[in-house]
Amino acid sequence: MYLGTPLRYQGCIQGFKVSYLNTSKLFNKLKMAKADGSYLRKLAKIERQYVIILDYYGLQAVDSNNRITLLEIIEDKHNNGSINVTSQIPVQSWYDWRKNNS
């Protein structure tokens with residue numbers, strides 16, 4: 001949030017479409033969207049944003065479905081905007097987090 005907020009603010013000032021998303025909430029909403037048939041519409045809405053800020057990454061376990069969803073979002077933004085992923089996981093815990101979420 002500390003890094004994501006000024007990036008979002010600056011992007012808006014420069015006239016870019018910016019989405020600031022809590023990663024855990026995003027994964028839950030997209031999981032529900034798969035169930036009700038609105039998944040592709042939701043992804044298209046995210047894709048239209050030039051800057052996507054995914055905050056709180058890693059606070060919730062990332063299962064294989066969420067990894068695929070994240071990969072789809074990243075692929076959609078490739079050469080067409082930017083993504084910033086922020087996390088509150090301390091650097092010294094990155095390896096343990098990755099090992100437990102693989």
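Only a predicted model underlies this, so the values are computations on that prediction, with no experimental measurement involved.
- Counting all heavy atoms, side chain and backbone alike, N22 lies closest to S24 at OD1-N, 3.0 Å.
- In this structure, T23 OG1 and Y56 OH are separated by 10.0 Å, a value rounded to the nearest 0.5 Å.
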side-chain contact (heavy atoms from CB on, under 4.5 Å) between L26 and L54: does it pass, once the steps are laid out? CA-CA 9 Å; L26 172 66; L54 298 175; 3.7 Å; yes

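- Following chains of ILVMFWY side-chain contacts shorter than 4.5 Å, one can reach I89 starting from V62, so the two form part of one hydrophobic cluster.
- Atom-to-atom distance recorded for K31:NZ and N66:CG is 5.5 Å, nearest 0.5 angstrom.
- Within 6.0 Å of the NZ atom in K29, the count of heavy atoms belonging to other residues, nucleotides or ligands does not exceed 12.
- Under the 4.5 Å side-chain criterion, counting only non-hydrogen atoms from C-beta, F27 is not in contact with D63.
- Note: K34 NZ to M32 CE = 13.0 Å, rounded to the nearest 0.5 Å.
- At distances below 3.5 Å, at least one donor-acceptor pair connects side-chain atoms of S87 with backbone N or O atoms of Y57.
- Note that CD1 of I53 and CD1 of I83 are 11.0 Å apart. Values are rounded to the nearest 0.5 Å.
- Rounded to the nearest 0.5 Å, atoms CD (E75) and NE2 (H78) are 9.5 Å apart.
- Under the 4.5 Å side-chain criterion, counting only non-hydrogen atoms from C-beta, V51 is not in contact with R8.
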Q88 and D55: CA distance, side-chain angles, deciding distance, side-chain contact (heavy atoms from CB on, under 4.5 Å) verdict: CA-CA 9 Å; Q88 286 72 32; D55 200 5; 3.5 Å; yes

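- Considering CD of E72 and CG of L70, their distance stands at 10.0 Å, rounded to 0.5 Å.
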Run the side-chain contact (heavy atoms from CB on, under 4.5 Å) test on Y39 and L30 for me, step by step, so that the C-alpha distance in whole Å, both residues' side-chain angles and the decisive distance to 0.1 Å come before the verdict. CA-CA 6 Å; Y39 180 74; L30 289 175; 4.1 Å; yes

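- More than 12 non-hydrogen atoms from other residues, nucleotides or ligands lie less than 6.0 angstrom from NZ of K77.
- When hydrophobic clusters are built by joining Ile, Leu, Val, Met, Phe, Trp and Tyr residues whose side-chain heavy atoms come closer than 4.5 Å, directly or via intermediates, I74 is grouped together with I46.
- Cluster membership check: I52 shares its hydrophobic cluster with L40, using side-chain heavy-atom separations under 4.5 Å among Ile, Leu, Val, Met, Phe, Trp and Tyr.
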